[in-house]
Amino acid sequence: DRHHVAGSHVGLLQHRQQCTSGQHLTQVMAVDSAETSCSLCIEHAFATRTKGVALDAITSLRGQFGRGHEIIETAVAGLSPEQLHYRGEGSTIQSIAAIYSHTVLGEDGLLNGMARGQASLYDSGGWAAKTGIDGSKAGQLSDQTSDALREVDFAALREYAQTVYAETDAWLATLSEADLDRSIHISWMNTDMPLGQFIGSVVAWHTIHHGGEIAALTGVQGGHGLAF
């Protein structure tokens with residue numbers, strides 16, 4: 001049930017219609033079983049069977065990332081190279097391609113690298129060679145990064161994004177409420193914070209707010225930035 005980020009824009013809309021009509025409900029009644037990463041499926045199933053019961057933190061986090069990924073992938077689907085690399089006259093915001101790269105590399109590095117203390121998927125999966133991205137620079141938002149990303153294989157970059165999205169959801173599904181209380185050190189902030197706060201207030205927020213930028217940049221070029 002991960003096709004909501006991998007399929008075409010039409011496929012996404014069809015999936016959203018199925019979700020809201022309840023056609024997928026029987027597949028996801030056990031929302032903590034990691035059988036789906038679709039935020040709408042999770043929200044629909046949980047709301048249907050637990051009316052009046054507080055949403056658990058893990059399901060909430062999975063839903064936040066799922067919706068953020070949907071926003072991003074809907075916004076970039078079908079864009080031309082010109083649209084991906086467009087920067088308006090006098091613009092201080094970077095290109096869609098640059099923001100997309102920054103967002104995906106950030107989620108990978110922050111969750112797999114910092115939170116989990118392991119190699120990023122970018123490094124372990126050999127994505128530098130597959131995408132043509134210099135990971136030491138592509139995570140930065142700068143004029144130089146936007147220019148460099150014109151040479152990147154964006155289709156391969158989207159494939160890399162799918163592996164990041166899937167790994168994020170699979171890992172979140174393994175966590176317990178107690179795990180979210182574990183303290184981790186945030187090096188660039190020189191502070192400690194609970195894992196749950198880091199995942200939600202830093203990484204999920206980062207994914208969603210950059211998704212909004214991508215959707216807006218798609219819209220100002222005449223594209224369909226959002227699925228609703």
Side-chain angles (χ1 to χ4, degrees), residues 1-50 54-77 99-100 102-112 115-116 121 157-177 179-180 195-215 218 224-228:
D1 199 21
R2 301 184 188 279
H3 61 282
H4 67 294
V5 291
S8 67
H9 177 60
V10 173
L12 174 60
L13 290 176
Q14 291 174 339
H15 180 72
R16 292 175 68 89
Q17 291 168 355
Q18 290 174 333
C19 289
T20 53
S21 69
Q23 292 181 33
H24 288 203
L25 187 59
T26 57
Q27 301 177 26
V28 292
M29 287 303 289
V31 295
D32 57 351
S33 65
E35 292 178 358
T36 180
S37 62
C38 173
S39 59
L40 284 177
C41 283
I42 293 170
E43 291 168 10
H44 191 145
F46 199 93
T48 299
R49 71 175 183 151
T50 60
L55 184 70
D56 72 89
I58 303 300
T59 300
S60 177
L61 289 171
R62 292 179 67 200
Q64 288 179 55
F65 278 102
R67 187 61 58 85
H69 297 155
E70 288 173 1
I71 290 171
I72 292 170
E73 295 302 321
T74 297
V76 302
I99 298 170
Y100 184 96
H102 167 81
T103 304
V104 176
L105 282 165
E107 183 174 325
D108 185 10
L110 291 172
L111 292 184
N112 295 308
R116 302 176 70 183
L121 297 180
L157 178 56
R158 290 189 72 190
E159 291 179 15
Y160 162 59
Q162 303 312 310
T163 68
V164 173
Y165 301 162
E167 182 66 19
T168 293
D169 187 70
W171 176 58
L172 289 175
T174 69
L175 297 178
S176 67
E177 296 280 339
D179 290 327
L180 299 183
L195 176 62
Q197 181 182 352
F198 177 70
I199 295 171
S201 299
V202 177
V203 191
W205 167 83
H206 182 260
T207 296
I208 292 168
H209 97 255
H210 282 309
E213 289 181 322
I214 292 171
T218 297
H224 195 78
L226 295 171
F228 49 86

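Not measured: the values here are computed from a predicted model.
Shown here for A75 and I214, the closest heavy-atom pair between the two residues is CB-CG2, 3.7 Å. Between A77 and R158 the shortest heavy-atom distance is CA-NH1, 3.9 Å. Residues I71 and G212 share a closest heavy-atom pair of CG2-N, 4.4 Å. Shown here for A57 and E177, the closest heavy-atom pair between the two residues is N-OE2, 3.3 Å. When all heavy atoms of A115 and L195 are compared, the closest pair comes out as CB-CD1, 3.9 Å. Here the shortest heavy-atom pairing between Q64 and A204 reads OE1-CB, 3.7 Å.
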For this session: Could you check L180 against L61 for side-chain contact (heavy atoms from CB on, under 4.5 Å), going step by step and ending with a plain yes or no?
Result: CA-CA 11 Å; L180 299 183; L61 289 171; 4.1 Å; yes
For this session: Would you check, one step at a time, whether the test side-chain contact (heavy atoms from CB on, under 4.5 Å) holds for I199 with L172?
Result: CA-CA 9 Å; I199 295 171; L172 289 175; 4.0 Å; yes
Problem set entry | side-chain contact (heavy atoms from CB on, under 4.5 Å) assessment of Y165 paired with E107 | CA-CA 9 Å; Y165 301 162; E107 183 174 325; 4.2 Å; yes
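In terms of modelled atom types and a separation under 3.5 Å, the side chain of T163 and the main chain of Y160 share a donor-acceptor contact. The main-chain N or O of L121 is found under 3.5 Å from a side-chain atom of D108 such that the two form a donor-acceptor pair. With hydrogens and angles ignored, the 3.5 Å screen pairs a side-chain donor or acceptor of H69 with a backbone N or O of F65.
Annotation: side chain of F198 is in contact with side chain of L110 (closest heavy-atom distance under 4.5 Å).
In this model, no donor atom of one side chain and acceptor atom of the other lie less than 3.5 Å apart for Y100 and E213.
Ring pair H206/H210 is perpendicular by interplanar angle, where above 60° counts as perpendicular and below 30° as parallel.
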